[in-house]
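Side-chain atoms are counted along with the backbone in the values below, which use heavy atoms only and exclude waters and symmetry mates. Just so we're on the same page: letters track the sequence lines, and every chain starts at 1.
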Protein chains: 2
Amino acid sequence: MPGQQTARTTIADVAKEAGVSVSTVSRALRGLDKVNPDTRARVEAAAEKLRFTFSKTASSLASGKSMRVAVLLPNEINSWFNSYTFEGVYEVLSREGYDVVPYVMWEERDLNRFFHTLPGTQNFDAVIVTSFILDAAQREFLDTLTIPMIGINVPSTEGFDASVRIDDVAAMHGVVRLLRSLGHESIAYVEQPVQLSPFVCSDSVRLEGFLDAAEQQGYDEEHILTIPSLTRAGSEDDDDAQESVGGEAAAISDIAAQLVGATSQPTGICVENDRCAVMLLKELRRLGWRIPEEVSLIGFDGDNVGDVVDLTTVRQNPVQLGRAAAGKALALMRGDEPDEAHTVAPTSLLMRATTARLTA
Amino acid sequence: MPGQQTARTTIADVAKEAGVSVSTVSRALRGLDKVNPDTRARVEAAAEKLRFTFSKTASSLASGKSMRVAVLLPNEINSWFNSYTFEGVYEVLSREGYDVVPYVMWEERDLNRFFHTLPGTQNFDAVIVTSFILDAAQREFLDTLTIPMIGINVPSTEGFDASVRIDDVAAMHGVVRLLRSLGHESIAYVEQPVQLSPFVCSDSVRLEGFLDAAEQQGYDEEHILTIPSLTRAGSEDDDDAQESVGGEAAAISDIAAQLVGATSQPTGICVENDRCAVMLLKELRRLGWRIPEEVSLIGFDGDNVGDVVDLTTVRQNPVQLGRAAAGKALALMRGDEPDEAHTVAPTSLLMRATTARLTA
DNA sequence: GTGAAAGCGCTAACAC
DNA sequence: GTGTTAGCGCTTTCAC
């Protein structure tokens, strides 16, 4: 038997102290009914006196409910979207007594390891997955699992019991319509310059929407420029935040150069996210581009980094996405069907100071 | 006995399949030695075939190690400092197989509830606490616990087995020396306008350092202005990010008004953090203040929001603080003493475009 | 309303 | 090297 370093006070100690059985202690302390008020008071006093608290682990094992929800993130937990989403999830789930455990997936291996840890055991009561691309095999595997899987901004609902997402494609249509109405004849879409995780899906989805909308608005190929990510550029360990930002700065200046040197120079530019948009804005202005007089720039997210420079952007509310996903998770864990399995959350175009009608 | 919804495949199933005992399966699958290579291969094949994976819960209960570390945060998990610190902790601990579970403390009640959940049970193998003010009773209580407690930017090391922090006071001395050398006769310190959590300590520590340094640099009271936080202003639930930002904007304009209306108008201003500094910078410029020509503004953190406007600031590296704390936690959980229980991490003054010599 | 007892799925002596 | 066995601390039938 295991060495017992400290004599822990267990439910049995409380039972003895209160002069009742362990099951009564369990009932009393969990607030279940069918317990005499007097008995309950006695048990609570005993627990208080002995400073007793439940072992979550033991409760989990006995009850089969882990009271734990995993949140899978495709890259840093400190990115704007991820941290706000997590906050929303945390808020709702922690209130109900759940632990919310983040898992950051940098490589395929991380994902497989995680998936491999799931089946058969009750390590989690639900899994929430954000902004992920999963291949067919992986989605199929999800179907295998018995615990609820909830997606946030996942490109396909397949394999998920519920999901919440924004409509990236519709949002990009709005962006392109705006650029068209402002008089821009030549437009560009800039992906996030450095993409560290292979699972992030917003890039490809938004690009697709952009191209689709551009075509629909009558732009021909010569007037559409696309600047792709350098996927997995930072493959070796970035040693710290500072350094990785440095690499990003280089990427931004590279993008600016591509824009400046383009055959048909775009005057309407959409960037995959606000953080990059802001950096690019600064760089383009440094190079002498007049924004918004000559060039319009639009970001995506509603990241407060854009407030500083009054960036025009497409706003989404990740906290609310997180809350909604957590709500669905709660319903599914209770065994209910959520009101709506797959929800589309709104986005809105926030017109600020980096877009203007082209007067040339 | 509990209702068994799904016949889970357990270690016993694998044992039967492989024709060995459960303990051999346990040893083999955990990679312990004293297992015949052939046996191990057979066990692994059986586990693979049955898609077996360990139940963390059961392992925890039996071994007494939860493989779980709690991280206590005084407010949002999506603030710059918190999310980067968490990232650092996560990085180190997840690599060693630990789950990293965040707990956000909004009110005294949250903290007490958390503390109350700790003793007696082995719910966590260690607790990491960031930027917290704890009162004497709470610190004393920490000493009671048998699991390692590690602090990050905690004002006192009392009650902690290890800690990592920056030297806020020394940093503020640097700031004040800089302002003095730039020729500023009248200076101000601006606390974070809206303080939502009662546990955040950086405000008071930095203010103290500022005042101490100001005195040492020969500033008299009339030339030192302090603009305090509106503590707990957002006590009722902020309904979403947007709204809370709105309240902050109002607070910023209030601060700007206080600066503009001050008897002895300060020309050297230090703001508790970069996020607020950037907002204040924008507001002051809007009001016609020329920064850095007439007024110098310094932030604190090294938050990349400051990059956009080239904010002069005091830089700290929260990812590294997190990593260091996690490293100490690891050592303590192994039963070793960390190389150095209490570490002071460096900060650096980053001179950019919001400070300049006063030429008046 | 309360108690007895059988597990939950695993680990860690200990014996062989 | 491998098997046997006694728990880890709780929950949950079931009987009273």
A:Glu340 side chain to A:Thr343 side chain, donor-acceptor N/O pair below 3.5 angstrom:
yes
Nucleotide C:dC10, atom C1' - distance to CG of B:Asp13 in whole Å:
13 Å
Just to verify, what does B:Ser163 make a side-chain hydrogen bond (donor to acceptor under 3.5 Å, both in side chains) with, not counting sequence neighbours?
B:His342
Let's see if you can work this out: which of D:dG9, D:dT4, C:dG3 has an atom nearest to the side-chain heavy atoms of A:Leu61?
D:dG9
Do any side-chain nitrogens or oxygens of A:Ser26 fall under 4.0 Å of OP1 or OP2 in D:dT11?
yes
Have a look at B:Met105 and tell me which of B:Asn112, B:Leu111, B:Asn75, B:Leu73 forms a side chain to side chain contact (heavy atoms under 4.5 Å, CB included) with it.
B:Leu111
Gap between atoms CE and C1', on B:Met67 and C:dG9 respectively (whole Å):
17 Å
Sorted by chain and residue number, the side-chain hydrogen bond (donor to acceptor under 3.5 Å, both in side chains) partners of B:Ser60 (sequence neighbours excluded) come out as none
Of residues 29-42 of chain B, the positions that come close to DNA chain C - non-hydrogen atoms, cut-off under 4.0 Å
B:Arg30
Would you indicate, yes or no, if C:dT11 has its OP1 or OP2 atom less than 4.0 angstrom from a side-chain nitrogen or oxygen of B:Ser63?
no
Taking the axis from the first five pairs and the axis from the last five, what angle separates them in the helix from C:dG1-D:dC16 to C:dC16-D:dG1, rounded to 10 degrees?
30°
Distance check needed: C:dT11 P versus B:Lys65 NZ, whole Å only.
13 Å
Which atom pair, heavy atoms only, marks the closest approach of B:Glu96 to B:Met67?
O-CE, 3.7 Å
Got a sec, which pairs hit side-chain hydrogen bond (donor to acceptor under 3.5 Å, both in side chains) with one end in residues 28-37 of chain A, sequence neighbours left out?
A:Ser26-A:Arg30
Has the side chain of B:Ser23 got a donor or acceptor atom sitting under 3.5 Å from an opposite partner on the base of C:dT11?
no
Would you mind telling me which of D:dT2, C:dC10, D:dC10 lies closest to the side-chain atoms of B:Phe52?
C:dC10
Below the 4.0 Å mark, does C:dT2 have OP1 or OP2 next to a side-chain nitrogen or oxygen of A:Arg27?
no
So, OP1 or OP2 of C:dT2: does either fall under 4.0 Å of a side-chain N or O from A:Thr24?
no
Nearest heavy atoms of A:Pro338 and A:Ala331, plus distance in Å
CA-CB, 4.1 Å
Quick one: A:Lys16 NZ to D:dG9 P, roughly how many Å, whole number?
14 Å
In whole angstroms, the gap separating P of C:dC8 from CZ of B:Phe54 amounts to 17 Å
Identify whether any heavy atom of A:Thr10 sits under 4.0 Å from a base atom; if not, whether one sits that close to sugar-phosphate; answer base, sugar-phosphate or nothing.
sugar-phosphate
Taking ring-ring contact (aromatic ring centres under 6.0 Å, His included) as the test, write out the residues that go with A:Tyr103, two or more places apart.
A:Phe114, A:Phe124
Salt bridge or not between B:Lys56 and B:Asp99? Use side-chain N to carboxylate O under 4.0 Å.
yes
B:Gly19 or A:Ala12: which one's nearest nucleotide on DNA chain D is closer to the 5' end?
B:Gly19
